[in-house]
Amino acid sequence: MSSIPEIQKEIVEEFSMFDDWMQRYEYMIELGKSLPLIKEEYKTEDHIIKGCQSKVWVHAELEGDELVFTADSDAIITKGIIAILIRAFSHQKPQDIIDADTKFIDEIGLKEHLSPTRANGLVSMIKQLKLYAVAYQTQLN
């Protein structure tokens with residue numbers, strides 16, 4: 001399995017292949033279609049990410065010593081955003097997720113091309129994934 005920085009570098013390289021933001025949005029929508037979907041039983045208030053304009057559900061489970069995320073959203077762009085984050089952080093050790101930086105988001109220019117509410121939602125998604133990592137790391141200690 002690739003490390004978080006390696007995956008983030010791949011994502012930056014993929015986004016750099018596109019000339020404009022319309023193509024990047026289309027790519028994000030495609031990524032959203034490949035998202036490991038959350039089970040219906042986890043589409044509850046407990047799993048909704050607070051601070052997102054659209055509904056985003058995220059579930060985390062520990063498999064061995066790695067955290068595996070599943071998610072869904074009722075909005076296609078948001079689904080693409082969470083798909084990018086899950087690709088970077090799923091199947092990683094909780095401590096690696098906690099320690100990971102998210103500058104790859106700035107490198108692909110995502111924040112500046114989102115509405116302020118979507119940008120806030122992005123920050124909330126990252127925060128929630130890291131909170132799951134902290135919770136599971138605590139269990140492992």
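Taking the six-membered ring where the residue is Trp, F89 and F104 present perpendicular rings, their angle passing 60° and hence far from 30°.
Contact record, A88 with I4: O-CG1, 3.4 Å, taken as the closest heavy-atom pair. Taking all atoms of both residues into account, the shortest heavy-atom contact from S124 to G51 is OG-CA, 3.7 Å. What you find for I98 and K130 is that their closest heavy atoms are O-NZ, 3.0 Å. A pairwise comparison of heavy atoms in W57 and T44 identifies CD1-O, 3.5 Å as the closest pair.
Just one of T78, N120, T117 meets the side chain to side chain donor-acceptor pair (under 3.5 Å) condition when paired with Q53; it is T117.
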Could you walk me through whether K43 and D72 pass the side-chain contact (heavy atoms from CB on, under 4.5 Å) test, one step at a time? CA-CA 8 Å; K43 280 190 167 184; D72 198 5; 2.8 Å; yes
Using the rule given for side-chain contact (heavy atoms from CB on, under 4.5 Å), can you reason through F15 versus E107, listing the C-alpha separation, both sets of side-chain angles and the distance that settles it, and then say yes or no? CA-CA 9 Å; F15 272 83; E107 288 174 30; over 6 Å; no
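Annotation: salt bridge (Lys or Arg N to Asp or Glu O under 4.0 Å) contacts involving residues 49-68, sequence neighbours excluded, comprise D65-K93.
Side chains of R118 and S115 form a contact here, defined as non-hydrogen atoms less than 4.5 Å apart. Inter-residue side-chain proximity for K111 and V123 is flagged as met; some heavy-atom pair is nearer than 4.5 Å. Using a 4.5 Å cut-off on side-chain heavy atoms (C-beta onward), Y25 and H113 make contact. At least one side-chain heavy atom of M125 sits under 4.5 Å from a side-chain heavy atom of V56. With contacts defined as side-chain heavy-atom distances shorter than 4.5 Å, the pair E14/Y27 qualifies. Two residues are said to be in side-chain contact when any heavy atoms from C-beta on lie closer than 4.5 Å; L85 and S90 fail this criterion. The closest side-chain heavy-atom distance from V58 to T70 is not below 4.5 Å. Put simply, the side chain of F18 does not reach to within 4.5 Å of the side chain of I108, judged on heavy atoms.
Between I126 atom CD1 and L131 atom CG the span is 12.0 Å, to the nearest 0.5 Å. For the atom pair I82 CD1 and L31 CG, the distance stands at 12.5 Å (nearest 0.5 Å). Annotation: the span from I29 atom CD1 to K79 atom NZ amounts to 11.5 Å, rounded to 0.5 Å. Once rounded to the nearest 0.5 Å, the distance linking OG1 of T102 with CD1 of I84 reads 12.5 Å. A distance of 11.5 Å separates CD1 in I105 from CD in E112, rounded to the nearest 0.5 Å.
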N/O donor to acceptor pairs below 3.5 angstrom from side-chain atoms of residues 5-13, sequence neighbours left out:
| from | atom 1 | to | atom 2 | distance (Å) |
| --- | --- | --- | --- | --- |
| E6 | OE1 | S3 | N | 2.8 |
| E6 | OE1 | S3 | OG | 3.4 |
| Q8 | NE2 | D101 | O | 3.0 |
| K9 | NZ | E13 | OE2 | 3.3 |
| E10 | OE1 | R87 | NH2 | 3.4 |

Side-chain donor-acceptor contacts of residues 133-141 below 3.5 Å, not counting sequence neighbours, with atom names and distances?
| from | atom 1 | to | atom 2 | distance (Å) |
| --- | --- | --- | --- | --- |
| Y136 | OH | A60 | O | 2.9 |
| Q137 | OE1 | Q95 | N | 3.1 |
| Q137 | NE2 | N141 | OD1 | 3.0 |
| T138 | OG1 | V134 | O | 2.8 |

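Hydrophobic cluster membership is shared by I81 and I97, with clusters built from Ile, Leu, Val, Met, Phe, Trp and Tyr side chains linked at under 4.5 angstrom. Cluster annotation: I38 and L62 are assigned to distinct hydrophobic clusters (Ile/Leu/Val/Met/Phe/Trp/Tyr, side-chain heavy-atom contacts under 4.5 Å, transitive). Connection of I49 to Y42 is not established within any shared hydrophobic cluster, with ILVMFWY side chains joined at heavy-atom distances below 4.5 Å, either directly or through further cluster members. Cluster membership check: I76 shares its hydrophobic cluster with L114, using side-chain heavy-atom separations under 4.5 Å among Ile, Leu, Val, Met, Phe, Trp and Tyr.
Environment of CD in E45: sparse, with no more than 12 heavy atoms of neighbouring residues, nucleotides or ligands closer than 6.0 Å.
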